[in-house]
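Everything below concerns the one structure shown next.
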Amino acid sequence: MEEHMEPAIKYRLIKKDKHTGARMGELITPHGTFPTPMFMPVGTQATVKSIAPDELDAMGAGVILANTYHLWLQPGEQIVEEAGGLHKFMNWDKGILTDSGGFQVFSLAKHRDIKEEGVTFRDPVSGSKMFLSPEKAMQIENALGPDIMMSFDECPPYFETYDYIKKSVERTSRWAQRGLEAHQNPDWQGLFGIVQGAGFKKLRQQSARDLVSMDFPGYSVGGLSVGESKEEMNRVLEFTTPLLPENKPRYLMGVGTADSLIDGVMRGIDMFDCVLPTRIARNGTCMTSHGRLVIKNAQYAHDFGPLDDECDCYVCRNYSRAYIRHLIHVNETFGIRLTSYHNLYFLIHLMQDLRQAIADDEVLEFREMVFEKYGFNQL
Ligand SMILES: Nc1nc2c(CCc3ccccc3)c3nc[nH]c3cc2c(=O)[nH]1
Ligand SMILES: [Zn+2]
């Protein structure tokens, strides 16, 4: 009789907001216990671009993301395994989550072909033919050694036909089962099932039913933040998160901006990731309490105030808009470090404020205040 391994990932629900679906809790991992709702910085190539681990720690990051697809192609998962796994390789001793690579194949690779067995594609760097399957993805993720790993799934185009999405959901469920069986790591990393189904309620119900029956330690809501409107995403979340067990963590992939984070939390999501904070930082776009600020604009050339007068981060306490604008203008890497640090701090602390609003049953008031301050700026 196979002994039932104790999953390494647990979720503890602490409190629900009285007026919305928002909830606060704790994510328990082998590398620490972290408060939810949480924002997880993305470190695709085993680094959160230009930010050192002690800076991530100082800003309150708990779980960061790495990309199986990228690390498999370069430097290869065996090198990371020889280093003792991702935590040692990148000198980060808190939580790490890896995606399974399927999404990246579809968003980055050319000549990809999807079959029941798995996905074949051409490595854009070396040009060689590659093959990724649920079994192969588990082997790579196990070698990388994260605390949380994603099942191998297909994230289908959002606006496909019902029939296409139905077939895709059924295959993703079969792939999830194969991944569960192939997952042989002795200390049972936290494997999450990924719910698909695009915008179809019946298919989201089918996907959730299949995955919940496999009893994963956590669940991702996939297939969103792929070009659909924010209203559409909220509509799908409205009927999807209630299908997931209340005592398991829920992770909305690829989200996002302040308004989407708040709206996701209000619909029962606990974990978020997005490349946006560091990606837009590279061209000098900053997330502030009054919406987005493009630091290159001439209006900031003589502005010696902080990026955000409501932010208490290291950047806002020590550097001016004029200085940061100058650095970005002359393409100094220090400028990108400063805008990246502030943007990550901004989202991590937005979640801290949200947790407080949940504790006080004031999530609706918090949402009002944030949206009012932003006005009609892009969030
Ligand atoms: N496996 C998977 N990943 C997705 C990502 C990448 C998140 C990610 C994880 C780890 C590192 C980087 C990115 C999505 N990003 C936006 N929408 C997304 C949907 C999916 C999805 O449906 N499935
Ligand atoms: Zn700041």
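Note that the coordinates shown come from a computational prediction; the quantities given were computed from them, not determined experimentally. Indexing begins at 1, ligand by ligand and atom by atom, following the structure's order. Values reported hereafter were calculated over all heavy atoms of this structure, with side chains retained and with hydrogens, waters and symmetry mates removed.
Nearby protein atoms of type N, O or S around the Zn ion (ligand 2) amount to 4 (distance under 2.8 Å).
For the pair R367 and F371, the cation-pi test (distance below 6.0 Å, angle within 45°) is passed.
Across H342 and C313, no two heavy atoms sit closer than the pair ND1-SG, 3.8 Å.
Using cut-offs of 30° and 60° for the angle between ring planes, the Y323 and H326 rings count as tilted.
Taking the six-membered ring for Trp, F121 and Y69 have ring centres closer than 6.0 Å. Residues F304 and Y319 keep their aromatic ring centres 6.0 Å or farther apart. Annotation: F200 is in aromatic contact with Y162 [ring centroid separation under 6.0 Å].
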I'd like a table of the close N/O pairs between ligand 1 and the protein (anything under 3.5 Å), one pair per line with both atom names and the distance.
residue, atom, partner, partner atom, Å
ligand 1, 1 (N), D99, OD1, 2.7
ligand 1, 1 (N), D99, OD2, 3.3
ligand 1, 1 (N), D153, OD1, 3.0
ligand 1, 3 (N), D99, OD2, 2.8
ligand 1, 17 (N), L224, O, 2.8
ligand 1, 22 (O), Q196, NE2, 2.9
ligand 1, 22 (O), G223, N, 2.7
ligand 1, 23 (N), D153, OD2, 2.7

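Under the side-chain hydrogen bond (donor to acceptor under 3.5 Å, both in side chains) rule, R23 has a single partner from D17, T241, D270, which is D270.
Within 6.0 Å of NE2 on H329 lie no more than 12 heavy atoms contributed by other residues, nucleotides or ligands. Residue K15 qualifies as enclosed at atom NZ: its count of foreign heavy atoms under 6.0 Å is above 12.
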